[in-house]
Amino acid sequence: MKSRLRSHPMRQQSNQASLRQTVDRELIRMDSVSDRLPSSVIFALRSTLLNWYSQQGRDLPWRRSRDPYAIWVSEIMLQQTQVKTVIPYYDRWLTQFPTLQTLASADQQQVLKVWQGLGYYARARNLHRAAQEIVSQHNGIFPTDLQMAMSLPGIGRTTAGGILSAAFDQPTPILDGNVKRVLARLVALPVPTSKAIAPLWQLSEALLDPAHPRDFNQAWMDLGATICLPRNPLCDRCPWQPHCSAYNQGIQNQLPMTETRSPIPRKIIGVAVIWNDAGQILIDRRKPEGLLGGMWEFPGGKVEPGETIPDCIQREIQEELGIEIEVGDRLIVVDHTYSHFHVTLNVHHCQHISGEPQAIECDEIRWVELADLDSYPFPKANLQIIEALKKEKDG
DNA sequence: TAGACGTGGTC
DNA sequence: TGACCAAGTCT
């Protein structure tokens with residue numbers, strides 16, 4: 001497996017060694033950082049933040065609820081996803097699955113269809129599985145115990161802490177992207193946050209107001225999302241400005257330190273829209289795990305070096321579905337970016353020639369009418385293909 | 001442990 | 001266009 005970390009072979013050794021020394025030294029300092037925050041400062045931070053929140057806190061749909069299920073749904077949707085994006089999905093979800101029981105008894109295709117477009121589809125699969133687990137093992141009641149909550153699929157320490165504090169006002173700390181960024185600036189963290197996870201958890205725990213855990217955690221995330229922005233933070237409006245180490249040193253725009261990443265690869269893909277004599281289209285459902293697991297798609301695969309697009313499509317369809325096709329006109333080219341690679345989808349109309357399609361490298365295959373495609377969960381890149389098909393039919 | 005895992009928005 | 005970022009978890 002290739003590392004995506006950028007490497008400098010000539011200097012790697014000494015750089016790594018010196019970085020390691022620096023990190024170790026800073027981690028030792030950070031280990032005691034909560035001790036270096038006097039209780040008077042901690043009290044000041046709590047009260048100024050809660051006061052700010054009472055004036056400037058956001059009015060968000062899930063904050064009007066104390067239903068652990070609704071709050072859980074919001075916490076899962078909000079993973080790596082902004083509030084603005086989540087709100088319409090949250091509303092639709094609770095309309096479709098108003099209770100934990102209705103979610104547990106739904107089928108996965110229905111669940112994925114409601115999640116369609118939100119991304120990170122493992123979140124939906126895990127939410128669904130966890131609901132079934134709660135019904136079968138916890139009498140349908142969301143657990144109030146932190147360890148119990150964290151044992152559910154898709155719920156890590158931050159999500160569990162977020163749910164238990166918001167739903168039950170339990171003093172469970174959180175460490176999401178907002179809290180990490182605010183803390184990195186508050187203490188002028190000299191390493192990327194990923195290198196200081198344990199000390200950051202200690203800080204989150206030390207600062208959490210045991211008298212108002214729900215409001216405190218919510219306030220902290222609001223501060224990160226509306227004031228302590230990733231770029232150009234609005235320090236003039238920040239209730240923590242007097243205590244912020246980064247602000248006092250004028251380095252708030254340099255923190256948190258950036259994580260090193262290498263560029264992401266690009267893949268060229270050939271995709272087939274296969275028609276049969278009845279005018280139906282062949283689609284397949286991806287395996288339940290991994291990228292876009294459980295979602296439907298138009299079949300295809302990666303173009304090999306020196307291979308033409310039509311050759312690729314014909315070969316992939318033979319390998320994956322065991323049928324012969326004739327590759328026809330190009331329908332559309334779709335460029336799409338996933339979290340860790342780019343793809344270019346070269347989509348061609350194809351005609352089924354011979355053979356019964358087999359689900360060799362997928363979970364299921366189906367001949368469907370163009371008008372019925374809307375009822376299946378498709379990933380974003382494939383929706384553009386469907387749009388192109390409809391447009392071609394109408395135009 | 002760092003890479004896999006989506007999508008939309010900004011610069 | 002490409003890089004970076006956003007309420008993380010799992011392996």
Side-chain angles (χ1 to χ4, degrees), chain A residues 1-7 23 58 60-63 71-90 112 115-127 129-130 149-163 165-166 173-182 192-195 197 200-201 204 217-226 228-233 256-266 286 288-295 297 334-344 377-384:
Chain A
M1 185 181 303
K2 279 184 192 167
S3 169
R4 293 215 298 126
L5 278 183
R6 186 175 298 142
S7 66
V23 168
R58 294 174 292 179
L60 303 174
W62 40 92
R63 286 186 184 162
I71 291 167
W72 171 33
V73 169
S74 77
E75 290 286 341
I76 299 300
M77 287 186 170
L78 286 161
Q79 289 171 4
Q80 302 291 281
T81 311
Q82 295 183 334
V83 164
K84 193 200 314 177
T85 304
V86 165
I87 288 176
Y89 281 91
Y90 173 81
L112 286 174
W115 200 272
Q116 171 180 300
L118 244 197
Y120 285 139
Y121 297 96
R123 294 184 294 175
R125 301 194 302 267
N126 287 334
L127 193 51
R129 270 205 300 147
M150 286 179 64
S151 73
L152 293 165
I155 301 184
R157 190 175 174 188
T158 286
T159 299
I163 297 169
S165 64
I174 56 173
L175 188 60
D176 71 328
N178 289 310
V179 171
K180 284 178 190 167
R181 184 171 58 257
V182 172
T193 55
S194 66
K195 301 293 183 189
I197 293 304
L200 288 171
W201 271 112
S204 177
N217 279 344
Q218 297 300 315
W220 206 339
M221 290 190 281
D222 274 14
L223 187 68
T226 66
C228 198
L229 304 171
R231 280 173 300 224
N232 303 317
M257 292 185 67
T258 58
E259 317 275 347
T260 311
R261 290 180 202 164
S262 56
I264 64 181
R266 174 172 291 281
R286 294 176 64 91
E289 304 300 324
L291 183 73
L292 306 171
M295 303 288 282
E297 66 177 3
V334 178
D335 275 305
H336 189 75
T337 301
Y338 294 101
S339 50
H340 53 303
F341 62 92
H342 303 285
V343 290
T344 299
F378 281 92
K380 186 71 188 339
N382 278 246
L383 294 181
Q384 290 183 243

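Residue numbers begin at 1 in each chain, while the letters A, B, ... track the order of the sequences.
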- request: Specify the closest pair of heavy atoms between A:A381 and A:V334, including all atoms of both residues, with the distance to one decimal.
  value: O-CG1, 3.9 Å
- prompt: Counting distance only, does the side-chain N/O of A:R157 pair as donor-acceptor with the main-chain N or O of A:W201 below 3.5 Å?
  reply: no
task: Look only at the side chain of A:R286 and the backbone of A:L291, and say whether a donor-acceptor pair between them is shorter than 3.5 Å.
output: yes
- request: Could you list the residues that satisfy ring-ring contact (aromatic ring centres under 6.0 Å, His included) with A:W220, not counting sequence neighbours?
  value: A:F216, A:W240
- request: Determine, using ring centers only, whether A:H340 and A:Y338 are less than 6.0 Å apart.
  value: no
message: Taking the minimum atom-to-atom distance to the side chain of A:P230, which one of B:dG6, C:dA7, C:dA6 wins?
response: C:dA6
- request: Starting from P on C:dT11, measure out to CG on A:L291 and report it in whole angstrom.
  value: 16 Å
- prompt: With a 4.5 Å limit on heavy-atom distance, are the side chains of A:N382 and A:M295 in contact?
  reply: no
- request: Please work out if A:L60 contacts a base, only the sugar-phosphate, or nothing of the nucleic acid, heavy-atom cut-off 4.0 Å.
  value: base
statement: Among the nucleotides C:dA7, B:dA2, C:dT9, whichever has the atom closest to the side chain of A:T158 is C:dT9
task: Name the nucleic acid region contacted by A:W62, choosing base, sugar-phosphate or nothing; use a 4.0 angstrom heavy-atom cut-off, strictly under.
output: base
query: Roughly how far apart, to the nearest Å, are B:dA4 and C:dA3 at atom P?
result: 16 Å
query: Less than 4.5 Å apart, any side-chain heavy atom of A:Y120 and any of A:N126?
result: no
- line: Here the distance between atom C1' of C:dA7 and atom CG of A:L175, to the nearest Å, is 11 Å
task: Measure from the side chain of A:Y338, starting at C-beta and using heavy atoms only, and say which of B:dA2, C:dA7, B:dG6 lies closest.
output: B:dG6
query: Between A:N126 (CG) and C:dT11 (C1'), how many Å, whole number?
result: 12 Å
- request: Just call it for A:G154: base, sugar-phosphate, or nothing, with non-hydrogen atoms closer than 4.0 Å on any strand.
  value: sugar-phosphate
- request: Scan A:G117 against the nucleic acid and name what it touches under 4.0 Å (heavy atoms): base, sugar-phosphate only, or nothing.
  value: sugar-phosphate
- prompt: Does the side chain of A:R123 get closer than 4.0 angstrom to OP1 or OP2 of B:dG6 through an N or O atom?
  reply: no
Atom-to-atom span, CZ of A:R157 to P of C:dC10 - whole angstrom: 14 Å
- prompt: Expressed in angstrom and rounded to an integer, what is the separation of A:E259 atom CD from B:dT1 atom P?
  reply: 13 Å
message: Nearest to the A:R266 side chain among C:dT9, C:dC4, C:dG2, which nucleotide is it?
response: C:dG2
- prompt: A:H340 side chain N/O closer than 4.0 Å to the phosphate oxygens (OP1, OP2) of B:dA4?
  reply: no
task: Give A:I155 one of three labels, base, sugar-phosphate or nothing, depending on what nucleic acid heavy atoms sit under 4.0 Å from its own.
output: sugar-phosphate
- request: Let me know the distance between CG of A:L223 and P of C:dA6, rounded to the nearest Å.
  value: 14 Å
message: Without decimals, in angstroms, what is the distance between A:H336 NE2 and B:dC5 C1'?
response: 12 Å
query: Do any side-chain nitrogens or oxygens of A:R181 fall under 4.0 Å of OP1 or OP2 in C:dA7?
result: yes
- request: Measure from CG on A:L112 to P on B:dC5 and round the result to the nearest Å.
  value: 16 Å
- prompt: What nucleotide among C:dA7, C:dC4, C:dT9 has an atom nearest to a side-chain atom of A:R261?
  reply: C:dC4
query: Rounding to the closest angstrom, what is the interatomic distance between B:dG3 and C:dC4 at atom P?
result: 14 Å
field: Smallest separation among heavy atoms of A:T193 and A:I197, with atom names
entry: O-CD1, 3.3 Å
- prompt: More 5' along DNA chain B: A:Y89 or A:G290, using each one's nearest nucleotide?
  reply: A:G290
- request: Using the C1' atoms only, state how far C:dT11 lies from B:dT1, rounded to an integer number of Å.
  value: 10 Å
C:dA7 versus B:dC5 - spacing of their P atoms, nearest Å: 23 Å
- line: To the nearest 0.5 Å, atom CD of A:E75 lies from atom CH2 of A:W62 at 9.0 Å
Distance, P atom - from C:dT9 to B:dG8, rounded to whole angstrom: 22 Å
message: Does B:dT7 have its OP1 or OP2 closer than 4.0 Å to a side-chain nitrogen or oxygen of A:Y121?
response: yes
- prompt: Do A:R58 side-chain and C:dA7 base share a donor-acceptor contact under 3.5 Å?
  reply: yes
message: Starting the side chain at C-beta, find the nucleotide from C:dC5, B:dG8, B:dC5 nearest to A:Y120.
response: B:dC5
message: Counting only heavy atoms and a strict 4.0 angstrom limit, can you tell me which residues of residues 73-86 of chain A come near DNA chain B?
response: A:Q80, A:T81
